[in-house]
There are 2 protein chains.
Amino acid sequence: MSNAAIRQRAITGPRAPVPPAHGATVAFIVERLRDDILAGRLQPGSRLVESDLTSRFAVSRGPVREALRRLTADGLIEHWPHRGAVVRRLTEREIRELFLIRIEMEALAARLAAAADAFERRAGFVAAIQPIYADAPRNPCEYLKENAAFHDAVMALADNLQLRDLAARLQLPLIMAQVGDVLTPAVLNASVQEHRAVAQAILDCNSEAASARMRAHLERAAAVALRRVAERKA
Amino acid sequence: MSNAAIRQRAITGPRAPVPPAHGATVAFIVERLRDDILAGRLQPGSRLVESDLTSRFAVSRGPVREALRRLTADGLIEHWPHRGAVVRRLTEREIRELFLIRIEMEALAARLAAAADAFERRAGFVAAIQPIYADAPRNPCEYLKENAAFHDAVMALADNLQLRDLAARLQLPLIMAQVGDVLTPAVLNASVQEHRAVAQAILDCNSEAASARMRAHLERAAAVALRRVAERKA
DNA sequence: TCTCTCAATATTGTCCTACAATCGTCCTAC
DNA sequence: GTAGGACGATTGTAGGACAATATTGAGAGA
């Protein structure tokens, strides 16, 4: 069995089940790889060899290379000349830096959201955040979804497309994939409470409070994530 | 003469003078196109047809497509399926949105810079910003360089690599907005004064003041840029 | 004359093959 | 044990081919 075949088996079994329609090949590959990375099926540091991917997805090198480029642009993988692509491993410093940026962006989003005056968007926001008011305890996976939906709802209400784009590139999902196992029930419950506090400020049109509470929420999240990274190093 | 040949002539003359070394083809193309766009030789809305570029740079479609993808990631061009790439034209809304983000990012950088405690980096900052203390009046071109150097020096002192990356992406499109011709002596002089004020706060290790002054500086810059766009539309 | 449909054309999306260039590694010679 | 070279694995680029889609313009119909 060839090297490539062995690596392929090691990653995700025989091959892609359903080939995509014409014009969607690249998007298809990107989606699959993104899922694999964020779900942890592809660990940080895993190599992504073009020939493996061509056989796994049954496509030519063109789309594979393009998919790798997009994932690089998204920051999910790293690409070195003549050495290929590997799943990105965020360093403690990178996580710290990304959180600093994210805090500012989300605080801005919260401020804009609180100041938004479009009826329909406010209604959409209210509808989208309903899950945060559920009383049932969440498991980590459910919380991650709820969390993503909440932050996305704030972004949507803020109505700044560039900000939304940029926030998506800040790798919160990747960070969570790498330190996600720190979500104890206590941490998780605190986060839900913080979401509610932010939401209340936004609903009250209180920009300053919304911004400050979002900032506090993310500062705590950053502390949790960084503590986890420090633990792992030890 | 073919369509492609006509378009090629229209853009930059016969062909690339010096082909790049192996492994640098894409970077070469990206550089050339970036320059053309930022220098205005390629106007917003100009189409970038793959076959034109292959003949202009005497390379195959692979590197061309990759270069276009990178420029897309940088926000310099727009890419639509089956319709190709065009030089990005920023709408007023996009400029407004990007400035909102940039204000937060630069304010964060100023805050971090003021709080930085590494001797060498502070020394480097002082050296890098000397031009802002020159008394001689600047022409717009000189100012733009001085401005870029100043903001980059703040970023360097802030020592957040992710932030620096992001700021570069946020700046490029603004240059494309071609606000060069609104830089009257008055506007220009005000900007220099503001730079000095920011620098002073940073040198004083006053994070709050640094952040606030940077914010004020960029809010004024945003107003100038948006006024320019509004004028052009009229 | 205007609008709509449809074919011709231009262009992109993908595949394929081939080869050059480079990196990492192992292997040898000193 | 280290420097240097040979080799394999992999990426970078070329070039040709065809499929799929968008655009355009001409002709038919109202």
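Side chains included, hydrogens not; waters and symmetry mates left out as well; all remaining heavy atoms used.
- The distance between atom CG of A/Asp52 and atom P of D/dA9, rounded to the nearest whole Å, is 13 Å.
- OP1 or OP2 of C/dT14 lies within a sub-4.0 Å distance of a side-chain N or O belonging to A/Thr25.
- Under the side-chain hydrogen bond (donor to acceptor under 3.5 Å, both in side chains) criterion, B/Glu78 pairs with no residue at all, not counting sequence neighbours.
- Side-chain N or O atoms of B/Arg88 include one that pairs as donor or acceptor with a backbone N or O of B/Gly75 at under 3.5 Å.
- Side-chain atoms of A/Arg65 and B/Arg65, non-hydrogen and from C-beta on, never get closer than 4.5 Å to each other.
- Atom-to-atom, CD of A/Glu66 to C1' of D/dG12 comes out at 16 Å; the value is rounded to the nearest Å.
- With rounding to whole Å, B/Ile29 atom CD1 is found 10 Å from D/dT13 atom C1'.
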What pairs of nitrogen or oxygen atoms, one from the protein and one from nucleotides 15-18 of chain D, lie under 3.5 Å apart?
unit_1: D/dA17; atom_1: N6; unit_2: B/Arg61; atom_2: NH1; d: 3.3

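- Applying the ring pair (Phe, Tyr, Trp, His ring centres under 6.0 Å) definition to pairs two or more places apart or across chains, those involving residues 144-167 of chain B are B/Phe150-B/His195, B/His151-B/His195, B/His151-B/His217.
- Applying the salt bridge (Lys or Arg N to Asp or Glu O under 4.0 Å) definition to pairs two or more places apart or across chains, those involving residues 156-175 of chain A are A/Arg121-A/Asp159, A/Asp152-A/Arg164, A/Asp159-B/Arg93.
- If you check every strand for non-hydrogen atoms under 4.0 Å, A/Arg69 touches sugar and phosphate atoms only.
- Both B/Glu50 and A/Gly62 lie close to DNA chain C; mapped to their nearest nucleotides by heavy-atom distance, the more 5′-ward contact belongs to B/Glu50.
- Rounded to the nearest 0.5 Å, atoms CG (B/Leu38) and CG (B/Leu76) are 5.5 Å apart.
- Looking only at atom types and distance, the side chain of A/Ser191 has a donor-acceptor partner in the side chain of A/Arg220 under 3.5 Å away.
- To the nearest angstrom, C1' of D/dT23 lies 9 Å from CZ of B/Arg47.
- Of the residues in residues 72-83 of chain A, those placing a heavy atom less than 4.0 Å from an atom of DNA chain D are A/Pro81, A/His82, in numerical order.
- Protein atom CG of B/Leu53 is 16 Å distant from nucleotide atom C1' of D/dA14, rounded to whole Å.
- Qualifying side-chain contact (heavy atoms from CB on, under 4.5 Å) partners for A/Ala85, counting only residues two or more places apart in sequence or in other chains: A/Leu48, A/Leu68, A/Ile77, A/His79.
- Base pairing of D/dC7: its partner is C/dG24, meeting the Watson-Crick or G-U wobble criterion (both donor-acceptor distances under 3.5 Å).
- Distance check: B/Thr72 OG1 to A/Arg70 CZ gives 9.0 Å after rounding to the nearest 0.5 Å.
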